[in-house]
Student: 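Structure provided below as structure tokens; questions to follow.
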Amino acid sequence: MSKPVVRRSTHQVQIDHLNVGSDAPVLVQSMTNTDTADAVGTAEQVKQLADAGSEMVRITVNSPEAAAKVAEIRSRLNDMGCNTPLVGDFHFNGERLLQEFPDCARALSKYRINPGNVGKGAKGDEKFAYMIRTAAEHNKAVRIGVNWGSLDQSLAKRMMDANLALAEPQPPEVVMKEALIVSALESAQKARDLGLPENKIILSCKVSAVQDLIEVYRDLGSRCRYPLHLGLTEAGMGSKGIVASSAALAVLLQEGIGDTIRISLTPEPGASRTQEVVVAQELLQTMGLRSFTPLVTACPGCGRTTSTVFQELARDIQHYLRTQMPVWRLQYPGVENLNVAVMGCVVNGPGESKLADIGISLPGTGETPVAPVYVDGERAVTLKGDNMAAEFLALVENYVAANYGE
Ligand code: SF4
């Protein structure tokens, strides 16, 4: 039995029906890429992301046309039975939009404010204050989201100048990382001075390099008790984005740092936005932090699996389990903890199948064309013929009904 991860102790922030921080589960977030002014399209994408498992969804609120539709998006989601909290992403003109569209201010569950994009000097302070006071008035949480690509330049200059005045200046990249953290902490303090309670504040400091992200969050986490939202910004496409995000976030999560996560993937043109949600869930589940969907243990295959039956069955089972989950979650409590094994031959097949709740060891090249199925560690039945895949799916379904049904 591995040792459980000890989570960093934080203030706990409530966002609608969800708790964020300390011992509350690490939550999965995502963000739409629709034009928020398109209320129908945005509500549909939020629903897709929520159905895939996103527990909060951020939408950009960048124009009067977008802000005007936020309340409608909320109401459409409610009509679809989707209560996933909506987070409004504000840059440059957030105070104006919140002022002109009070329905938007009320409909959102949380505001994301980027201190680097609020504005400079007294004008910027006023705009920040307006947004914070609006959040406090409506009892909304705020994420102060600092980003390497839009760091508050006046703060960066002030810290660089102070560094140059030192007898032994730090390398510029060290000062810049410190500036990210100072920006988040100073903005949080300003928000508290303006009347936003500490249990309404979440912080993030996103950068795009793995080692920098780990360093920044370790430091930030040791200097405050706000919950932290983790994400490697601009992680990239495909396997590069998945590997880079997982590498960075896994190290931090293992140290108990991180209360919400987003895997920021650049989708392939036309690909579903839900991939980032699936990756975030799989990261948390494979680390043993949460359970979302039954896990499929499958071997990589080798020269002993020359037919495609094995790969097809592993793919079909994975797909089947994931698509069943919206219904199964309600019908079969605890089914997300199910372990299924799909193995390619007799070398490791029986061993791994016995360790799973239900597993199949398919026949490799040159083996007798039969597939023993193991249930709760015991050989239960042997499948043969061309219909093994469908028969195994039926056995999985029966196992779920018998073990998780009421
Ligand atoms: Fe190859 Fe068999 Fe090992 Fe799968 S279990 S990788 S098919 S030897």
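Numbering of ligands and ligand atoms starts at 1, following listing order.
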Student: Sequence neighbours left out, what passes side chain to side chain donor-acceptor pair (under 3.5 Å) with Thr323? Give chain and number order.
Tutor: none

Student: Is Glu378 atom CD crowded by more than 12 heavy atoms from other residues, nucleotides or ligands, each under 6.0 Å away?
Tutor: no

Student: Under the rule for side chain to side chain contact (heavy atoms under 4.5 Å, CB included), what residues qualify as partners of Cys82, not counting sequence neighbours?
Tutor: Lys47, Ala50, Leu77, Thr84

Student: Going by atom types alone, do Arg379 and Thr382 pair a side-chain donor with an acceptor below 3.5 Å?
Tutor: yes

Student: Counting N and O atoms only, with roles assigned by atom type, does the side chain of Ser187 sit under 3.5 Å from a partner on the main chain of Ser183, one being a donor and the other an acceptor?
Tutor: yes

Student: What protein atoms of element N, O or S are positioned under 2.8 Å from atom 2 (Fe) of ligand 1?
Tutor: Cys345 SG

Student: Suppose the criterion is ring pair (Phe, Tyr, Trp, His ring centres under 6.0 Å): which pairs have a residue in residues 199-232, not counting sequence neighbours?
Tutor: His11-Tyr226

